[in-house]
Amino acid sequence: MFFGGMYVSDYIIEKLKIENYHKCNNIWDMHRHPDRTVEWGNQLESGEREVYVCVKDNEYVGEIAFYHGQQDPVYTIIGRRVYISRMIVKEELRNQGIGALLLDFMCDLARERGYTELSLGVDVTNLPARHLYKKKGFTKVLYHGTDKWGEFYKLLKRI
């Protein structure tokens, strides 16, 4: 059940409040990506981006989001398929189960909201993420293509 925060072991997953967005710099270098930082902050403020953070000892260690502004019909189908965006774990804490915890949380939350499918994008070269996504049931390739950041897959999981 989701009650504003989910306790698992030493981690808490909670919805990110806009006034705490700057704390995500602990997970990824917001200063290195100023355009994305501003864009995602605006999406968070408008409600298009719904971000959840994984917290340990009052420190942000992971982040994941539903992106409701996605207009790509491969990624989203209103009332059926929701798009997971921007799943990232603090680099030195990767491969410790935090990404799996975040994905499980989002699957549960999506199911509670009545969705039956989740989609996400992953770079072809990101083998650790692809392995995790496959392990968590994102096994159907909806699309294989390229964009300005490189070659990627759009993956699907039925929940």
Side-chain angles (χ1 to χ4, degrees), residues 13-55 59-107 109-110 113 115-159:
I13 297 176
E14 61 188 22
K15 190 170 185 176
L16 177 67
K17 296 176 183 166
I18 188 69
E19 62 267 20
N20 293 330
Y21 180 49
H22 68 281
K23 292 181 182 181
C24 291
N25 193 59
N26 190 57
I27 305 166
W28 55 280
D29 189 352
M30 297 173 85
H31 304 293
R32 187 172 167 209
H33 305 283
D35 293 342
R36 284 186 174 178
T37 300
V38 170
E39 177 185 0
W40 292 337
N42 289 339
Q43 291 169 353
L44 178 63
E45 195 166 12
S46 74
E48 282 182 295
R49 184 170 295 276
E50 181 181 347
V51 178
Y52 292 86
V53 289
C54 185
V55 183
E59 180 181 321
Y60 288 6
V61 297
E63 174 184 329
I64 196 166
F66 284 139
Y67 181 51
H68 304 290
Q70 182 59 263
Q71 299 300 314
D72 183 339
V74 176
Y75 277 134
T76 58
I77 299 173
I78 294 173
R80 185 172 105 194
R81 181 182 302 161
V82 65
Y83 174 58
I84 292 180
S85 169
R86 189 71 182 144
M87 205 268 304
I88 187 165
V89 173
K90 189 173 180 177
E91 190 170 357
E92 59 269 24
L93 297 175
R94 292 179 185 164
N95 299 310
Q96 296 183 27
I98 297 169
L101 182 67
L102 286 165
L103 284 171
D104 289 345
F105 173 82
M106 293 301 265
C107 287
L109 187 57
R113 292 180 179 179
Y115 291 101
T116 58
E117 298 176 344
L118 292 168
S119 67
L120 53 77
V122 62
D123 292 338
V124 168
T125 58
N126 191 343
L127 297 179
R130 287 178 47 206
H131 175 77
L132 173 62
Y133 296 150
K134 182 177 182 181
K135 182 177 168 183
K136 289 297 177 179
F138 290 86
T139 54
K140 181 173 172 91
V141 176
L142 296 170
Y143 179 80
H144 178 192
T146 58
D147 61 15
K148 63 183 175 180
W149 295 285
E151 190 177 5
F152 69 97
Y153 295 115
K154 294 179 182 181
L155 302 176
L156 176 75
K157 173 182 178 161
R158 289 187 170 78
I159 55 175

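When a residue number appears, it is its place in the shown sequence, counting from 1.
Considering all non-hydrogen atoms of both residues, S119 and L142 come closest at CB-CD1, 4.4 Å. The shortest heavy-atom contact between Y83 and L120 is CE1-CA, 3.9 Å.
Salt bridge K90/E92: present, at least one basic N to carboxylate O contact under 4.0 Å. The pair E50-R113 meets the salt-bridge criterion, since a charged nitrogen lies less than 4.0 angstrom from a carboxylate oxygen.
Looking at M106 and V82, their side chains never come closer than 4.5 Å, going by heavy atoms from C-beta outward. Counting heavy atoms from C-beta outward, C24 and M30 have side chains that approach closer than 4.5 Å.
Put simply, the side chain of Q71 gets close to the backbone of G69: a donor and an acceptor are under 3.5 Å apart. The closest donor-acceptor contact from the side chain of D123 to the backbone of F152 lies at 3.5 Å or more, if one exists at all. A donor-acceptor pair under 3.5 Å is formed between the side chain of D29 and the backbone N or O of R32. Side chain of H144 to main chain of V141: no donor-acceptor pair is present (N/O by atom type, distance under 3.5 Å, no hydrogens or angles).
Around atom CD1 of I78, no more than 12 heavy atoms belonging to other residues, nucleotides or ligands sit under 6.0 Å away. Residue H33 places its NE2 atom among more than 12 non-hydrogen atoms of other residues, nucleotides or ligands, all under 6.0 Å distant.
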Legend entry - side chain to side chain donor-acceptor pair (under 3.5 Å) between R158 and T116, intermediate numbers included: CA-CA 6 Å; R158 289 187 170 78; T116 58; over 6 Å; no
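Taking the centre and axis of the six-membered ring of W28, the NZ or CZ atom of R36 falls outside the cone set by 45° and 6.0 Å.
Checked against the 6.0 Å centroid threshold, Y52 and F105 count as a close aromatic pair.
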